[in-house]
Amino acid sequence: MNNNYVLIGFMGSGKTSFGKWLCKKTGRKFIDTDEEIVREQQRSINDIFATDGEEYFRKLETELLKELIFSENCVISMGGGTPVSENNRPLLKELGQVIYLRTSVDTLCERLKKDTTRPLLAGGDIREKITGLMGKRESIYEARADLIIDTDKKKFEEMYEEIKNAYSCN
Ligand code: S3P
């Protein structure tokens with residue numbers, strides 16, 4: 001067992017902030033798939049989408065997951081669309097315990113309304129975009145997860161308790 005936690009969930013569900021907190025708490029190393037891609041590509045996600053398109057970005061995500069397969073004792077925060085691709089399904093399970101941070105559309109709207117870094121949310125009505133994407137993704141997130149944590153109004157400490165209870169360890 002590689003001892004990794006893999007955090008999945010919609011944009012704005014707190015994967016990065018909770019993931020970093022969880023690393024401090026448990027002594028794991030933090031890996032963020034978006035950050036890795038931006039570093040390797042030396043350009044922003046907005047740039048990648050604008051120049052090469054979403055499909056190209058999805059290929060980069062799958063390549064990266066394959067590279068991460070030997071990582072150990074990590075918290076891996078995944079881009080919101082990464083778990084959706086069928087190609088990535090077996091990779092997720094290999095990467096570690098998959099934890100879905102489930103967050104309400106209201107909370108996501110509040111957190112994302114001023115965001116300019118996510119190309120899939122650019123332009124138009126933010127609530128419509130989030131509701132539309134969530135409608136397509138929610139059941140996939142749930143199906144991919146080993147553990148689901150409802151994050152609304154919860155402290156990180158409480159979320160961590162749920163992880164400890166689920167896995168009887170740190
Ligand atoms: C995406 C989520 C983003 C990033 C890209 C696409 C998505 O990551 O990978 O903008 O399809 O949901 P975060 O979930 O970390 O914002």
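In listed order, ligands and their atoms are each counted from 1. Quick note: residue numbers are just sequence positions, from 1.
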Those protein residues which place at least one heavy atom below 4.0 Å from ligand 1: Met11, Lys15, Asp34, Ile45, Phe57, Arg58, Gly79, Gly80, Gly81, Arg118, Pro119, Leu120, Arg137
How close do Met134 and Thr103 get, counting heavy atoms only, and between which atoms? CE-O, 3.7 Å
Approximate separation, where rounding is to 0.5 Å, of Tyr5 OH and Leu7 CG: 10.0 Å
Excluding sequence neighbours, so at least two apart, what forms salt bridge (Lys or Arg N to Asp or Glu O under 4.0 Å) with Arg137? none
Looking at Arg144 and Glu86, is there a salt bridge between them, counting it only when a charged N and a carboxylate O are closer than 4.0 Å? yes
In Å and rounded to the nearest 0.5 Å, what is the CZ to SG distance from Phe30 to Cys74? 10.5 Å
Decide salt bridge (Lys or Arg N to Asp or Glu O under 4.0 Å) for Glu63 and Lys59; before the verdict, give the C-alpha distance in whole Å, the side-chain angles of both, and the deciding distance to 0.1 Å. CA-CA 6 Å; Glu63 277 167 27; Lys59 280 192 191 132; over 6 Å; no
